[in-house]
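No hydrogens, no waters, no symmetry mates; every other heavy atom, side chains included, goes into these values.
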Amino acid sequence: MNMTNAPSELVYAERIAQVIELLQGKWTAHVLCALCKRPVRLGELRRALPAASKKSLTASLRSLEAAHVVLRRDLSGALLHVEYQLTEPMRESLPLLLASLTAWRESQDDLFEPE
């Protein structure tokens with residue numbers, strides 16, 4: 001390895017590790033895929049992912065909100081409703097990232113157990 005490239009390679013690896021850490025939650029990928037389509041309410045996510053507990057989904061959403069990936073919006077009305085959506089910078093970039101990850105996964109079938 002060329003030592004002049006070491007800092008940039010280190011930064012590159014650290015950035016990849018940060019993305020992997022962001023996506024590692026059990027339900028995070030499912031939540032992000034849903035949010036790529038449109039804003040959703042927690043109840044909608046719970047119905048779409050019946051195996052996920054409310055606590056798990058809420059933890060995923062809070063983590064994504066803290067990372068500025070998801071925006072939580074209180075909707076006014078007679079009942080308290082909360083809607084989640086991707087932040088503006090994520091609306092274009094996240095679908096591209098998820099599509100790239102999916103394409104890579106599909107090209108690497110021998111690395112993964114059959115579903």
Side-chain angles (χ1 to χ4, degrees):
M1 175 185 343
N2 182 344
M3 292 308 288
T4 60
N5 292 336
S8 63
E9 289 173 8
L10 180 60
V11 168
Y12 183 72
E14 288 173 355
R15 289 180 179 166
I16 292 170
Q18 289 170 337
V19 172
I20 291 170
E21 183 178 336
L22 178 70
L23 297 175
Q24 74 181 353
K26 182 174 183 177
W27 298 104
T28 302
H30 295 84
V31 168
L32 291 175
C33 286
L35 291 173
C36 281
K37 296 175 189 167
R38 62 182 179 80
V40 295
R41 294 182 183 173
L42 180 59
E44 292 177 271
L45 282 173
R46 290 185 66 203
R47 286 188 295 279
L49 303 168
S53 70
K54 181 179 178 181
K55 182 179 176 181
S56 295
L57 288 176
T58 301
S60 289
L61 287 163
R62 285 185 181 154
S63 174
L64 292 168
E65 186 180 8
H68 305 287
V69 173
V70 168
L71 179 65
R72 180 181 188 268
R73 198 175 82 173
D74 293 320
L75 303 174
S76 60
L79 299 173
L80 176 63
H81 290 289
V82 177
E83 183 177 78
Y84 295 91
Q85 63 186 19
L86 295 177
T87 58
E88 189 63 39
M90 293 295 123
R91 286 190 196 129
E92 288 185 36
S93 62
L94 191 63
L96 297 173
L97 171 64
L98 297 177
S100 294
L101 287 171
T102 301
W104 178 82
R105 163 56 183 92
E106 290 172 352
S107 73
Q108 304 298 321
D109 278 341
D110 57 322
L111 295 176
F112 299 91
E113 293 181 22
E115 295 175 19

For this session: Look at the side-chain heavy atoms of Ile, Leu, Val, Met, Phe, Trp and Tyr, link any pair under 4.5 Å apart, and say whether Leu97 and Tyr12 land in one connected group.
Result: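 Looking at the clustering, Tyr12 is in a separate group from Leu97.
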
For this session: Would you kindly confirm whether Leu75 and Leu61 end up in one hydrophobic cluster when ILVMFWY residues are joined by side chain heavy atoms under 4.5 Å apart?
Result: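 No.
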
From [atom1] ([X]) to [atom2] ([Y]), nearest 0.5 Å:
X: Arg73; Y: His81; atom1: CZ; atom2: NE2; result: 12.5 Å
X: Asp74; Y: Glu83; atom1: CG; atom2: CD; result: 10.5 Å
X: Glu21; Y: Ile16; atom1: CD; atom2: CD1; result: 14.0 Å

Exercise. Is Thr28 reaching over with its side chain to a backbone N or O of Gln24, donor-acceptor style, under 3.5 angstrom?
Worked result: no

For this session: Check whether any side-chain N or O of Thr102 sits under 3.5 Å from a backbone N or O of Leu98 as a donor-acceptor pair, and report yes or no.
Result: yes

Locate the shortest heavy-atom distance separating [X] from [Y]; write the atom from each residue and the value.
X: Tyr84; Y: Leu35; value: O-CD2, 3.2 Å
X: Arg46; Y: Leu57; value: CG-CD1, 3.6 Å
X: Arg105; Y: Asp109; value: NH1-OD1, 2.7 Å
X: Val31; Y: Ser60; value: CG2-CB, 4.5 Å
X: His68; Y: Met90; value: O-CG, 4.3 Å
X: Gln85; Y: Pro39; value: OE1-CG, 3.6 Å

Problem set entry | Side chain proximity check, Leu42 to Thr58, heavy atoms < 4.5 angstrom |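 Side-chain contact under 4.5 Å: yes.
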
Problem set entry | Derivation of the side-chain contact (heavy atoms from CB on, under 4.5 Å) call for Leu23 and Leu101 | CA-CA 11 Å; Leu23 297 175; Leu101 287 171; 3.7 Å; yes

Problem set entry | Glu92, CD: over 12 other non-hydrogen atoms inside 6.0 angstrom | no

Exercise. Above 12 or not: heavy atoms from other molecules or residues under 6.0 Å from CD of Glu65?
Worked result: yes

Problem set entry | Leu71, Val70, Leu64 screened by side-chain contact (heavy atoms from CB on, under 4.5 Å) with Thr87, the one that passes | Leu71

Exercise. Ion pair present between Glu88 and Arg91, side-chain N to carboxylate O less than 4.0 angstrom?
Worked result: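 Salt bridge: yes.
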
